[in-house]
Amino acid sequence: MAEEDVNQVTPGARVEEKLYNVRFKTDEDRSHLIVLDNQLCNRCVDKPCTVFCPVTVYKWENGEHKISVSYEKCVECGACRIGCPYFNIEWKYPKGGFGVQYKFG
Ligand code: SF4
Ligand code: SF4
């Protein structure tokens, strides 16, 4: 089977299948996503960032009482720019050449 056929996304495919077409180049020096104030996260009852991110970048760490940020998985959808009720997430695009790369067709 030709490579372009292998990488076709089937309508209705699961997120994991769609992510097959995505490549990442991680900036090891700096996260482009920063949770500004962990005290706010402690008081944030529902912690919606752990739900709205399609690739579960944000995870509540019970023992450490803070949100961990797996920024290397971010697909740059932008949801966390508006989804945090306290605007507690600083969001920038990754430096040039880093971050997610989409392959179409
Ligand atoms: S939604 Fe915002 S304030 Fe709430 S836990 Fe996530 S980053 Fe913290
Ligand atoms: S931009 Fe989208 S994929 Fe990236 S961390 Fe925010 S919600 Fe998750």
Side-chain angles (χ1 to χ4, degrees):
M1 187 181 287
E3 187 181 349
E4 54 267 26
D5 294 332
V6 170
N7 288 327
Q8 285 293 325
V9 177
T10 311
R14 292 178 305 128
V15 168
E16 292 80 6
E17 292 164 335
K18 290 179 180 173
L19 286 175
Y20 178 76
N21 274 13
V22 172
R23 299 288 178 269
F24 299 89
K25 187 174 176 198
T26 303
D27 184 348
E28 307 283 353
D29 296 332
R30 185 182 173 281
S31 170
H32 64 291
L33 305 163
I34 297 170
V35 174
L36 298 170
D37 182 352
N38 275 304
Q39 296 302 318
L40 267 179
C41 298
N42 265 297
R43 296 199 296 274
C44 179
V45 177
D46 293 330
K47 303 186 184 7
C49 61
T50 62
V51 179
F52 63 62
C53 175
V55 289
T56 57
V57 162
Y58 301 101
K59 186 168 171 245
W60 178 246
E61 304 291 352
N62 239 336
E64 299 173 51
H65 302 285
K66 67 173 201 173
I67 292 282
S68 65
V69 183
S70 302
Y71 70 96
E72 69 281 358
K73 297 193 290 184
C74 174
V75 294
E76 297 171 31
C77 74
C80 53
R81 300 183 85 163
I82 55 171
C84 171
Y86 299 102
F87 300 104
N88 194 25
I89 300 170
E90 184 183 275
W91 194 103
K92 292 179 179 159
Y93 280 108
K95 270 191 322 215
F98 291 102
V100 68
Q101 295 166 358
Y102 292 98
K103 179 175 180 178
F104 298 103

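Numbering of ligands and ligand atoms starts at 1, following listing order. Computed from a prediction, not measured in an experiment: that's the story for all the values here. Note: hydrogens, waters and symmetry copies are ignored here, and every other heavy atom, side chains too, is used. For this chain, numbers begin at 1 and follow the sequence in order.
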Novice: Looking at Tyr71 and Pro94, would you say the former's side chain and the latter's main chain have a donor-acceptor pair under 3.5 Å?
Specialist: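 A pair under 3.5 Å: no.
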Novice: Between Val57 and Leu33, is any pair of side-chain heavy atoms under 4.5 Å apart?
Specialist: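 The answer is yes; the side chains approach within 4.5 Å.
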Novice: Just wondering, more than 12 heavy atoms not from Lys73 lying within 6.0 Å of its NZ?
Specialist: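 Atom NZ in Lys73 is crowded, with more than 12 foreign heavy atoms closer than 6.0 Å.
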Novice: Please list, in number order, the atoms of ligand 2 under 4.0 Å from a heavy atom of Cys74.
Specialist: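 That gives atoms 1 (S), 3 (S), 4 (Fe), 5 (S) of ligand 2.
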Novice: For ligand 2, does Val57 get within less than 4.0 Å through its side chain, its backbone, both, or neither, judged by non-hydrogen atoms?
Specialist: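 Contact part for Val57 vs ligand 2: side chain (C-beta onward).
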Novice: Examine distances only and state if a side-chain atom of Asn38 and a backbone atom of His65 form a donor-acceptor pair shorter than 3.5 Å.
Specialist: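 Flag not set: sc Asn38 to bb His65 has no pair under 3.5 Å.
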Novice: Can you list the residues that meet the ring pair (Phe, Tyr, Trp, His ring centres under 6.0 Å) rule with Trp91, with sequence neighbours excluded?
Specialist: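 Trp91: ring pair (Phe, Tyr, Trp, His ring centres under 6.0 Å) contacts with Tyr93.
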Novice: What pair of heavy atoms forms the shortest contact from His32 to Cys74, and how long is it?
Specialist: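 Nearest pair, atom of His32 first, then Cys74: NE2-SG, 3.4 Å.
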Novice: By number and element, which atoms of ligand 2 are closer than 4.0 Å to a non-hydrogen atom of Gly78?
Specialist: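 The atoms of ligand 2 under 4.0 Å from a heavy atom of Gly78 are 1 (S), 2 (Fe).
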Novice: What does the list of residues with a heavy atom under 4.0 Å from ligand 1 look like, ordered by chain and number?
Specialist: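 Contacts of ligand 1 under 4.0 Å: Cys41, Cys44, Lys47, Pro48, Cys49, Ile67, Cys84, Pro85, Tyr86, Asn88, Ile89.
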Novice: For Glu72, what residues pass the side chain to side chain donor-acceptor pair (under 3.5 Å) criterion, not counting sequence neighbours?
Specialist: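 Side chain to side chain donor-acceptor pair (under 3.5 Å) check on Glu72 returns nothing, list empty.
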Novice: According to side chain to side chain donor-acceptor pair (under 3.5 Å), who are the partners of Asp46, at least two apart in sequence or on a separate chain?
Specialist: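 For Asp46, no residue satisfies side chain to side chain donor-acceptor pair (under 3.5 Å) once neighbours in sequence are set aside.
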Novice: I'd like to know whether ligand 2 has Trp91 as a neighbour, heavy-atom separation below 4.0 Å.
Specialist: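 It does; at least one heavy atom falls under 4.0 Å.
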